[in-house]
Amino acid sequence: MDFDILTTFPEMIEAVAGLSILGRARQRGLIRVEAVNLRDFTHDRHRSTDDTPFGGGPGMVMKPEPVFDAVESLLSRKPGKVRIILLTPQGRRFDQGMAEQLACESHLIMICGRYEGIDERIREHLVTDEISIGDYVLTGGELAALAVVDAVARLLPGVLGDESSVHSESFSSGLLEYPQYTRPAEYRGYQVPEVLLSGNHEEIRKWRRLQSLERTLNKRPDLLESAPLTEEDRRIIKRIKEQ
Ligand code: 6GU
């Protein structure tokens, strides 16, 4: 899968995309992540990617030409279906479901907004999707683009060593994860729950499910409304609530 990230700070992207699981996925050719420097698509002496707003007012606005030119250059290099995503606090809130949808694509172009805003013609005539990563304001879209790349890339076949961990973790089940422990079984007097040492797989499965349900109920009750729950889960939740 190809990710092209249009930015005036390509170093921000490179600093992250070369490391850890993303870096390894890139080396193995499972993903291509490229930071495209918008300054390379400017034509004036100062290589400006922004300008003052028509109508006056504070701040600077991202110019349309470098963004259109960069996108068109990418499209001529790799024709075919592509989503052109603008990272902006005005976008649709990013979540695991959206990550799963994007993981079905083969090419994403991401435009990182900076300054006070972008020329509206970019949004109207170039962009296919607008994404926000949450209700707070960042200084630019780069960290948001990286969050999206990371969440999408880890869903692609082969990117995580152990495929099963994608399916058992938080959110793919619609619930928060159960607590995990490793050796030693006792640390500073703190014990690992007995059931996990029992070797009884059915009991362990039941305990973990109970923990997931209990945690979700306590920390993120909103998730229970859309989580796929069995009749047994519903009975357990009812019992927890009655305690
Ligand atoms: Cl995508 N961009 C910026 N600048 N701020 C944000 C955001 C994006 N998502 C949340 N806050």
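Each ligand, and each atom within it, is numbered from 1 in the order the structure gives.
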| query | Of all the non-hydrogen atoms in the protein, which one sits nearest to atom 1 (Cl) of ligand 1, and at what distance? | reply | Thr88 N, 3.0 Å
| request: Indicate whether the side chain of Glu130 and that of Thr88 have a donor and an acceptor atom separated by less than 3.5 Å. | output: no
| query | Considering residues at least two apart in sequence or located in another chain, which fulfil the side chain to side chain contact (heavy atoms under 4.5 Å, CB included) criterion with Ile131? | reply | Ile85, Leu87, Phe94, Met98, Leu102, Val148
| message | If you measure every N or O of Tyr136 against every N or O of ligand 1, does any of those distances drop under 3.5 Å? | response | yes
| task | State the atoms of ligand 1, each with its element, that fall below the 4.0 Å cut-off from a heavy-atom position in Ile131. | result | 1 (Cl)
| message | Please check if the number of heavy atoms outside Gln180 that lie under 6.0 Å from its CD is greater than 12. | response | yes
| said: Give me the residue, atom name and distance of the protein heavy atom closest to atom 5 (N) of ligand 1. | reply: Leu138 N, 3.0 Å
| note | Of all protein heavy atoms, the one nearest atom 10 (C) of ligand 1 is Gly134 O, 3.0 Å
| note | Within 4.0 Å of some non-hydrogen atom of Ala144, the atoms of ligand 1 are 1 (Cl), 8 (C)
| Are side-chain heavy atoms of Asp50 and Glu116 found at a separation under 4.5 Å? | no
| Should Gly113 be listed as contacting ligand 1, given a heavy-atom distance under 4.0 Å as the test? | no
| Close N or O approach (Val137, ligand 1; < 3.5 Å) | no
| message | Taking Glu203 first and then Arg205, would you say they form a salt bridge - that is, a charged N and a carboxylate O separated by under 4.0 Å? | response | no
| Mind checking what makes side chain to side chain contact (heavy atoms under 4.5 Å, CB included) contact with Ser132, not counting sequence neighbours? | none
| field | Identity and separation of the nearest protein heavy atom to atom 9 (N) of ligand 1 | value | Ile133 N, 3.0 Å
| request: Flag the pair Lys78 and Asp4 as a salt bridge only when some basic side-chain nitrogen lies within less than 4.0 angstrom of an acidic carboxylate oxygen. | output: no
| Where is the nearest protein heavy atom to atom 3 (C) of ligand 1: which residue, which atom, and how far? | Pro89 CD, 3.6 Å
